[in-house]
2 protein chains.
Amino acid sequence: MAIIFSRKCELGIQAVLYLSSVEGRNVIPSEEIARELKIPKEFISKILQELTSSGIVSSKKGKMGGFSLAKNPNKIHLLDIVLAIDGSEIFSKCVLGFPNCSSETPCPMHNTWSQLIDETFKMLNEETIDQFKHKTLRKIESLK
Amino acid sequence: MAIIFSRKCELGIQAVLYLSSVEGRNVIPSEEIARELKIPKEFISKILQELTSSGIVSSKKGKMGGFSLAKNPNKIHLLDIVLAIDGSEIFSKCVLGFPNCSSETPCPMHNTWSQLIDETFKMLNEETIDQFKHKTLRKIESLK
DNA sequence: TATAAATCAGATATTTTTGTCTGATTAAAA
DNA sequence: TTTTAATCAGACAAAAATATCTGATTTATA
Ligand code: SF4
Ligand code: SF4
């Protein structure tokens, strides 16, 4: 179903982008995130809990509680979210699923694929979520 | 678990590569493919059945039966196998899982991602499996 | 023609991923 | 201090993907 990120990771990125796109507010309740992104509240809470424990998001309990970014958006890379949720496997595993990969016996697709995944890595590692604010807002607007 | 292709697709590609790498033999029983690739016989049969019905592989029933390529290996593109098993979704879906994609409201990752997936498509569409023979043989050797 | 060795089809089982529920805890505000 | 609105933690449920099994069918060959 999902292309390259797990569904949890897709939604985690969406939620973090949402958090980065709302300005001048302390914390955002998961209910609002769920409503805006059109996904179940319970699921996005679960995912944001994971991101909280890995230090990307911070949470405030109790009434008037909710989630917010744990750091400045220009310090949060897309890669951080991917690693926190899906781990680093996609960057090292064989695209054809062969076991015991070694570069001495590269499988047929190795060269092209490793180049592509390297570029993906670079992009995720360079882009910070503050660069996305404007586009995120338009995207969320279009969901309505 | 799998990166971008489903496990079935990974194994389908492996099996087709194996078929292309054995020379001068009519048909290969699934038992041999399973043994060489170290995967369950029943699973690879199932997958090869799918590839048979989509015309990439052909099968011969009965004693001395087995599977073989349905066409000349220089006519079989990696893309054929991917489309037959996983379909074309990966080439069109949003990498962040947003619904109702439209290029008027591209999501933040769109530009970079669409470039990468285009390159992947091109590669899968250009490379034919006969180009892989030598490397495939070495890879299979290394599994032993 | 009988036997053996293979695919084929479809049902079933297992595992993983995705999603939901429940109850405890926390904290703001009445 | 009580009520209310939120996260949190972990169990649970459902769905999808992956894998296995069983029996029917097919075909080569003795
Ligand atoms: S060399 Fe081949 S088997 Fe190893 S990681 Fe690369 S693509 Fe996979
Ligand atoms: S524009 Fe955004 S939402 Fe649409 S396909 Fe591209 S990445 Fe996905």
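Convention: sequence-line order gives letters A, B, ...; per-chain numbering from 1. Worth saying up front: this structure is predicted, and the values here are computed from it rather than measured.
Atom CZ of Arg35(A) and atom C1' of dA6(D) are 14 Å apart (whole Å). Distance Phe43(A) CZ to dT17(C) P: 12 Å, rounded to the nearest Å. Atom P of nucleotide dA9(C) and atom CG of Leu48(B) are separated by 13 Å, given to the nearest angstrom. Taking atom CD on Glu32(B) and atom C1' on dA5(C), their separation rounds to 14 Å, with Å as the unit. Atom CD of Glu31(A) is separated from atom C1' of dT4(D) by 15 Å (rounded to the nearest Å). In this structure, Phe67(B) places its CZ atom 9 Å from C1' of dA6(C), rounding to the nearest Å. Per the geometry, CD1 belonging to Ile47(B) stands 9 Å off C1' belonging to dT18(D), to the nearest Å. As rounded to whole Å, 13 Å separates atom C1' of dT18(C) from atom CD1 of Ile85(A).
With hydrogens and angles ignored, a donor-acceptor pair under 3.5 angstrom links the side chain of Lys46(A) to the base of dG10(D).
Scanning for salt bridge (Lys or Arg N to Asp or Glu O under 4.0 Å) contacts around Glu50(A) gives Lys8(A), with sequence neighbours left out. Applying the ring pair (Phe, Tyr, Trp, His ring centres under 6.0 Å) rule to Phe5(A) yields no partners; only residues at least two apart in sequence or on another chain are considered.
Residue Lys122(B) qualifies as open at atom NZ: its count of foreign heavy atoms under 6.0 Å is 12 or below.
Grouping the Ile, Leu, Val, Met, Phe, Trp and Tyr side chains by contacts below 4.5 angstrom, directly or via other members, places Val27(B) apart from Leu48(B).
Across the interface with DNA chain C, nearest-nucleotide mapping of Lys8(A) and Glu42(A) shows Lys8(A) to be the residue nearer the 5′ end.
Between Ser30(B) and dT7(C) there is a side-chain N or O to OP1 or OP2 distance below 4.0 Å. Within the 4.0 Å cut-off from OP1 or OP2 of dT7(D), not a single side-chain nitrogen or oxygen of Thr52(A) is found.
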Protein heavy-atom contacts under 4.0 Å, written 5' to 3' over nucleotides 24-30 of chain C as B (base), S (sugar-phosphate only) or - (none), form the string --BBB--
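Of the candidates dT20(D), dT7(C), dA19(D), dT20(D) carries the atom nearest the Pro40(B) side chain, counting heavy atoms from C-beta on.
Although no hydrogens or angles enter the test, the distance criterion places no donor-acceptor pair under 3.5 Å between the side chain of Gln115(A) and the main chain of Thr112(A). Judged by distance alone, with hydrogens and angles left aside, the side-chain atoms of Glu119(A) form no donor-acceptor pair with the main-chain N or O of Leu116(A) at under 3.5 Å. One N or O on the side chain of Gln14(A) and one on the backbone of Leu96(B) form a donor-acceptor pair closer than 3.5 Å.
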